[in-house]
K.L.:
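Sharing a structure below in structure tokens format, with a few things to ask.
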Amino acid sequence: DVKVTQSSRYLVKRTGEKVFLECVQDMDHENMFWYRQDPGLGLRLIYFSYDVKMKEKGDIPEGYSVSREKKERFSLILESASTNQTSMYLCASSFGAAGNEKLFFGSGTQLSVL
Amino acid sequence: QKEVEQNSGPLSVPEGAIASLNCTYSDRGSQSFFWYRQYSGKSPELIMFIYSNGDKEDGRFTAQLNKASQYVSLLIRDSQPSDSATYLCAVNGGTYKYIFGTGTRLKVLA
């Protein structure tokens, strides 16, 4: 079974802190994604990566950056956390580029910025 | 702005009934359509995908796609309390991009 592991289930940070969210997948998937999920807004794509060192902006990249130095690991960075970044963050991975790929999600990180 | 619309619910059905979940999308060029199930406090998991007009069946689940009407639905036959969850509709919005609806919460009453 594909496993997508997010480093923390719950995280509490202060405004202005730099925050790192880590995601690791064990199935050699090419594609990795970061979403945030908010009530009433659904899942929104922050960034994605289709290869090592490659990254593309999603729909809401402002205030975030990403790093993919190894195929299995995709990190989301909040350069200076703000209260409006309090959310559930979901990492996902997939294989291929045909447009019908199944997304495998990690268990999520509930981030609270105080 | 490409959009995927779902009724937030909750949709309540008695155990054993058919649950019908609906989704509309705005981009006529969309080719692939997905249904994810998300239990409370858990992450989404894919239960169905469809890319051709018509019906696709998998066990108790049937996905229906009508591209002319830009409409995709999920039918759950013989609904069980364990089917109680939020169901997310997702549409392929370009290479690597998937647009998600806000989800419909389903409650199956025992």
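None of these values were measured; they are calculated from a predicted model. Numbered from 1 within each chain, the chains take letters A, B, ... in sequence-line order.
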K.L.:
Where the side chain of B/Tyr98 meets the backbone of A/Leu103, is there a donor-acceptor pair that is under 3.5 Å apart?
P.N.:
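Side chain of B/Tyr98 to backbone of A/Leu103: no pair is present.
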
K.L.:
So with a 6.0 Å cut-off around CZ of B/Phe61, is the heavy-atom count from everything else above 12?
P.N.:
yes

K.L.:
Verify the cluster assignment for A/Leu43 and B/Tyr25: are they in a single hydrophobic cluster under the rule of side-chain heavy atoms below 4.5 Å apart?
P.N.:
no

K.L.:
Donor-acceptor check, side chain of B/Ser43 to backbone of A/Gly106, threshold 3.5 angstrom: yes or no?
P.N.:
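Flag set: sc B/Ser43 to bb A/Gly106 pair under 3.5 Å.
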
K.L.:
Taking side chain to side chain donor-acceptor pair (under 3.5 Å) as the test, write out the residues that go with B/Gln31, two or more places apart.
P.N.:
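Per chain and number, B/Gln31 pairs via side chain to side chain donor-acceptor pair (under 3.5 Å) with no residue.
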
K.L.:
Same cluster or not: B/Phe49 versus A/Phe105, using hydrophobic residues (I, L, V, M, F, W, Y) connected whenever any side-chain heavy atoms lie under 4.5 Å apart?
P.N.:
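Yes, one cluster joins them.
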
K.L.:
Is A/Tyr35 reachable from A/Ile46 through a run of hydrophobic residues whose side-chain heavy atoms are each under 4.5 Å from the next?
P.N.:
no

K.L.:
Which pair of non-hydrogen atoms, one from A/Glu101 and one from B/Phe34, has the smallest distance, and what is that distance?
P.N.:
O-CE2, 3.7 Å

K.L.:
For A/Asp38, is it the side chain, the backbone, both or neither that has a heavy atom under 4.5 Å from a heavy atom of chain B?
P.N.:
neither

K.L.:
Answer with side chain, backbone, both or neither: which region of B/Phe33 has an atom nearer than 4.5 Å to a non-hydrogen atom of chain A?
P.N.:
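Contact with chain A is absent: no heavy atom of B/Phe33 under 4.5 Å.
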
K.L.:
Mind checking side chain to side chain contact (heavy atoms under 4.5 Å, CB included) for A/Thr15 and listing every partner two or more places apart, or none if nothing turns up?
P.N.:
A/Thr83, A/Val113

K.L.:
Considering non-hydrogen atoms only, spot the tightest contact between A/Phe48 and B/Lys97 and give its length.
P.N.:
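For A/Phe48 and B/Lys97, the tightest heavy-atom pair comes out as CE2-CE, 3.9 Å.
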
K.L.:
At a heavy-atom distance under 4.5 Å, which candidate from B/Gln38, B/Gln6, B/Glu45 has the highest pair count against chain A?
P.N.:
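Of B/Gln38, B/Gln6, B/Glu45, B/Gln38 has the most heavy-atom pairs under 4.5 Å with chain A.
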
K.L.:
Taking everything shown except B/Lys67 itself, do over 12 heavy atoms lie less than 6.0 Å from its NZ?
P.N.:
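Enclosed: over 12 neighbouring heavy atoms sit under 6.0 Å from NZ of B/Lys67.
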
K.L.:
Less than 4.5 Å to any heavy atom of chain B: does that hold for the side chain of A/Leu41, its backbone, both, or neither?
P.N.:
backbone

K.L.:
Does one hydrophobic cluster hold both A/Tyr64 and A/Leu21, with members joined at side-chain heavy-atom distances below 4.5 Å?
P.N.:
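Linked, A/Tyr64 and A/Leu21 end up in one cluster.
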
K.L.:
Is it possible for you to say whether B/Val13 and B/Met48 belong to one hydrophobic cluster, with membership spreading through side-chain heavy-atom contacts below 4.5 Å?
P.N.:
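Yes, same cluster.
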
K.L.:
Of all residues at least two apart in sequence or in a different chain, which pass the side chain to side chain contact (heavy atoms under 4.5 Å, CB included) check with B/Asn22?
P.N.:
B/Ser20, B/Tyr71, B/Ser73

K.L.:
What's the spacing between A/Gln37 CD and B/Leu88 CG if we round to 0.5 Å?
P.N.:
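The CG atom of B/Leu88 is 6.5 Å from CD of A/Gln37, to the nearest 0.5 Å.
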
K.L.:
With a strict 4.5 Å heavy-atom criterion, list every residue of residues 100-110 of chain B that contacts chain A, or say none.
P.N.:
B/Phe100, B/Gly101, B/Thr102

K.L.:
Is B/Ile99 close to chain A through its backbone or its side chain, or both, or neither, when contacts mean heavy atoms under 4.5 Å?
P.N.:
neither

